[in-house]
Amino acid sequence: MEFKRRNGGPPMGGASQAKRGKSVGEWEDSPSQFEEELSMFEDAEMEAEEMEGQAGHDVIPVGDLFSADLNPRWRRPHAPSLDSSSDTLVFQGLCWPGMPGQSQGKVPIIRMFGVTDSGNSVCCHVHGFAPYFYVTAPNGFTSDYLGEFKRELNSAVLEGHAFSFAFPAGMYGYHGKRSLDFLRITMAMPRLIAPAKRLLEQGFKFGPFPIQNYQSYEANIDFEIRFMVDSDVVGCCWIELPKGKYRLREEKSMEITDSQYPGKVDVGWTDLISHPAEGDWQRIAPLRVLSFDIECAGRKGIFPEPDKDPVIQIASMVQRQGETEPFIRTVFTLQSCASIVGSQILCFTQEKQMLQSWAEFLRTVDPDIITGYNIQNFDFPYLLNRAAALKVNLFPYLGRVRGIKSVLRDLNFQSKQMGRRENKTINMEGRVQFDLLQVLLRDYKLRSYTLNAVSFHFLQEQKEDVQHSIITDLQNGNEQTRRRLAVYCLKDAYLPLRLLQKLMCVINYMEMARVTGVPLTYLLSRGQQIKVVSQLLRQAMKQDLVMPVVKTEGGEDYTGATVIEPEKGYYSVPIATLDFSSLYPSIMMAHNLCYTTLLQKGSAEKLGLSPEDFIKTPTGDLFVKSSVRKGLLPEILENLLSARKRAKAELKKETDPFKKQVLDGRQLALKISANSVYGFTGAQVGKLPCLEISQSVTGFGRQMIEQTKQLVESKYIISNGYQGDAKVIYGDTDSVMVKLGVATVKDAMDIGREAAEWVSSHFTPPIKLEFEKVYYPYLLINKKRYAGLYFSSSADTHDKMDCKGIETVRRDNCPLVANLINTCLQRILIDRDPQGAVAHAKEVISDLLCNRIDISQLVITKELTRTAQEYAGKQAHVELAESAKSQQRSSQGTFHIE
DNA sequence: GAGGATACCTAA
DNA sequence: TAAGTTAGGTATCCTC
C-alpha cells in the first residue's frame, strides 16, 4: 500500500536513507526523510484544523495535558445519545475477557467489548449464560434422580450450580441409532468445571447408583469459546442488541476521566443477535490502533534493568483502522526536548510523572488495539516493572475495566511447530495486544526479525540511525540530542503501524477470527487446535453431538506421505507438474472420514451394517459412508472450501480496494483453516486426536500418488500416439513431475492439462488432480531439493525461477552462500551456461580466500551471530570465514551434476 | 572415516 | 495448562 504524498513532497526514501550515516552535528542541519514525512502530516492537518479554528501545539505545558481544548483528538468522539427502548445498539465485538472477577450472586456475567460504527466503545455485560459440561448418565438414570445427584455433587464441590438433563450423542465413533444419555452439569463459575469433572471422573456415588467413574464431555472447553459457540457469535462479528432488550448502565461518578471508559450496557445472552460476516456486516469498525515504543537509559554495556535504569522517552502513534495516517503523534520525554514539526512533545522533569501521564494518555486515547515491536516481552514488562519500582501506583491500570490492575505474568508456550517459547503476558481487559513481532514470528519465515531488517524487507525503509550505545549520551546531552532520540523513538512507533498496514494484519486476523469463530486475541496467544475445536463444536451442536474429553498421551508416530524416488539430474526438456489440490481435505471429504463415522472394532457386525454401508481405508480402518451418516469434519471442510470459492468469486468482481483486502484475507483464512483440520486429528497431544483418521488420510494419499504415476505412465506413451513415453521423475505427497517426452512448454501444458483431467476421473470427487505448471529446464538435485524455471501463465515466458529446499531458500546459510548458489542456478537455468556457474563459484571462493569479501556478508545465522558476539574482532572474522568457506566447498558439489 | 544421534530447516 | 502432521536433506558432533 502506498503512502499518500502531499504538497508534491519528495517520494519516500528507499535504501538511500539507510546508508546515510549522521553525526550529531549533521543531524541538526538536515532533517531526515522521516521528519519531512512527519511535517507533512502537520501540513495536512493544519488545513483541516483551520476550519475548526484550532491550532496545533508543539510543546504543551503538562498541567493542561488532558484538557479537552488542547488535545481534542485524544478522546473518542462523543457517543450519540441512546435510548434503549427505541434504538438498537450495534457494535463489532472484539474482546472477551471472560468472566468478571466475581459473579453477582449465582449468575455469571460475561464482559464483551466492542466498537460502534461511530467509533465509540461498548462494554456489554451479558447475563444468564453459565459454564457447563456433560457426563454420561448411569444406566437407569431418569430425571427423578436429578435432585439427588445435584445435592450430592453440590456437597462435594461446595458451590451452587444449576443442573439439567440432555440427550446428545457422543461424537467419537459411529454407534448407530443408539444414543447415550448425558447429564448436563452447569456450574456457577468456569473455575468450578475442573473440580466437578475430576470428582465425577474419579468415582462418584449418589442415590441408589453404585460408585461410578463418569466419562466427561466438553469439560475442557474455554468459557469464552463455550459462550461464543452457544450464542452463535464468532470473533470480530457484528452484534446487535435489539431495542427494548438491553439496558444502559448509568455511570455514577462524573469525574473528568469518565468518558474514557466504554458505554456500559446489560443484556440477556439469548437477546443478543450476531450477524454473519456477509454483505454490510463484513465491514470493520473504526478501531483505534495505538503503536508505542520506549527508550531507556541503560548503563554502558548493560541491558537496561527496570529496577535501575529509567525510561526516558515514550513515543506513541494512534491511527484509526482503515485510515492511512496516524492522527496522534506524541513523544513523552524526560527532560526538555526541542520541537519536532508534526508531532507533539510532552516534557517531564520527573520520570514518575511521565509514566503516570502516559498511562493516563493511554486510558484517554482508549485504544482497541495496541501494537509495537516486542511490546509484549519488552516495552510493557519494562514499563510495569519500572512503574512498580518508582511506585507509580496508578500506572498499571491499562485495561478498560476500572479497578482491574494489569499484572505481568510469565507464560510458557510449547509446541512442535513453534518450539518452546517463553513469553510474558499482561492482562488488559478490552484491548487487543497485537505485538507485531509476534505476528511476524507466527506468519513469516524471515532471516532476521529485527525491526530494522523487517522494515527493510517489507517497506524498503529503515529505522532512524541511532546506535543503542549512544542513547544514554543523547539523553544526557541537550534538548537537540534528546530531540534526535525522540525522532528515533517516534519512528520505532511508526514503523509497526506501517507494517501492520502493509501486511494487512488486522484485516487478515479479523477474517481468521470470523472464519474459525475464535476471539481475535486467541490468534496470537494460542495454537492451531483451538480454531478447529471452535468449528467442530459449532458443527457438533447442530447435530446434538458432544465432544469427549480425551486424556492426552503421546504414542507411536504414524506413516505419512510418499516421496517418489527422484531421478536426479538436469532436464533440458519441459517437465509438467500435476498436483492434487487440497489433497488431505479432499480425501476426508471424498471418503467421509470423521470421528462420527469411524467404526470401532467389531462395530460393523454388531450394528448389522452391510458392506455397502462403509469403506475400508488403506490402513484397514472402517468408516461409514455419508449415506449412513455425514461426518462433521467433511461438513466443516465443505463449508470452508465452498466459502473460499465464494470469497474468490466475490473478490474477482469487487472493485472497492478495501473490500478486496477483506475478501482476500478471508479466502486465505479459509484455505489455512481447511488445511489444519488434518493436522488436528493427528495431534497426539491434543484435544481430540484420532489416528484412524489421520493415518487413513495419508494412506489414501500414498495410494493416490502411486496410482497417478502408473496412470500417467501407462497412457501417455508413444504406442498410444503420443510424442514420447511419459516418465514420472519425481513426486512428493500430492504432486508428480512428469517428463512427457515433448519438446515445447506448450505441448507439456496441453498434455499436462489433459492428463490431470483424465487422472482425476479415476478418483472420487472432490478429489481433483490439477495441472499446475511446467518446469523448463529443471534441475532435480535430491528429494525435496530442486529448481527450475516456472511456466504457468504463459508458454512463452517463465514466471520465476522456482527453488525448493536449496540453500537459496534456507535460513541456516549466510547470504553469501545463498547468493552464490542463486547466481549459479541462474547461470545454469536461465543462461544455460553450467561452465559459467562453476566459474562464478570459483571466483567467489577465491575472493573469499584472498580476503576480498566484507565480513558482514558472512554473519547471518543465529549460531553465527551468537558466535560473533562471543568472539571479538579478528578471531570472529577467522571463525566465520572458515565456516562460510566450508559451507561453500560442500555446496559446490551441488553443481557436479552437469 | 563409517555410522549413529541430533539440530535445524524445509517440502508438502 | 496448552501444544497441527510426517518425510527428509545437510551439517556437525561423537564413538568406535
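Residue numbers start from 1 in every chain, and the chains themselves are labelled A, B, ... in the order their sequence lines are given, proteins ahead of strands. Every heavy atom of this structure was used, including side-chain atoms; hydrogens, water molecules and symmetry mates were not.
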Please determine whether a side-chain nitrogen or oxygen atom of [X] lies at a distance below 4.0 Å from atom OP1 or OP2 of [N].
X	N	value
A:R785	C:dT10	yes
A:R811	B:dT10	yes
A:N675	B:dA12	no
A:K804	B:dA12	yes
A:K783	C:dG8	yes

Taking the P atom of each, how far is B:dA12 from C:dG4, in whole Å?
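Roughly 23 Å separates the two P atoms.
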
Which nucleotide in the set [options] lies at the smallest distance from any side-chain heavy atom of [X]?
X	options	result
A:D732	B:dC9, C:dT6, B:dA12	B:dA12
A:R810	C:dG4, B:dC8, B:dA11	B:dC8
A:R526	C:dG4, C:dA7, C:dA3	C:dA3
A:N782	B:dA11, C:dT5, C:dG9	C:dG9
A:Q529	C:dA3, C:dG8, B:dC8	C:dA3
A:Q528	B:dC8, C:dG4, C:dG8	C:dG4
A:Y786	B:dA12, C:dT5, C:dG9	B:dA12
A:T559	C:dT6, C:dA7, B:dA12	C:dA7

Could you tell me whether A:G686 contacts a base, only the sugar-phosphate backbone, or nothing, with contacts defined as non-hydrogen atoms closer than 4.0 Å?
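No contact.
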
Let me confirm one number: the OG1-CD1 distance from A:T597 to A:I615, rounded to the nearest 0.5 Å.
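It is 8.0 Å, given to the nearest 0.5 Å.
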
Distance in Å, A:I672 CD1 paired with A:N508 CG, rounded so as to fall on 0.5 Å steps:
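Output value for this atom pair is 8.5 Å.
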
Go nucleotide by nucleotide along DNA chain C from the 5' end; which of A:S525 and A:Y558 gets its closest nucleotide reached first?
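Nearest nucleotide further toward 5': that of A:S525.
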
A:K739 atom NZ, neighbour heavy-atom count above 12 within 6.0 Å:
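12 or below, so no.
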
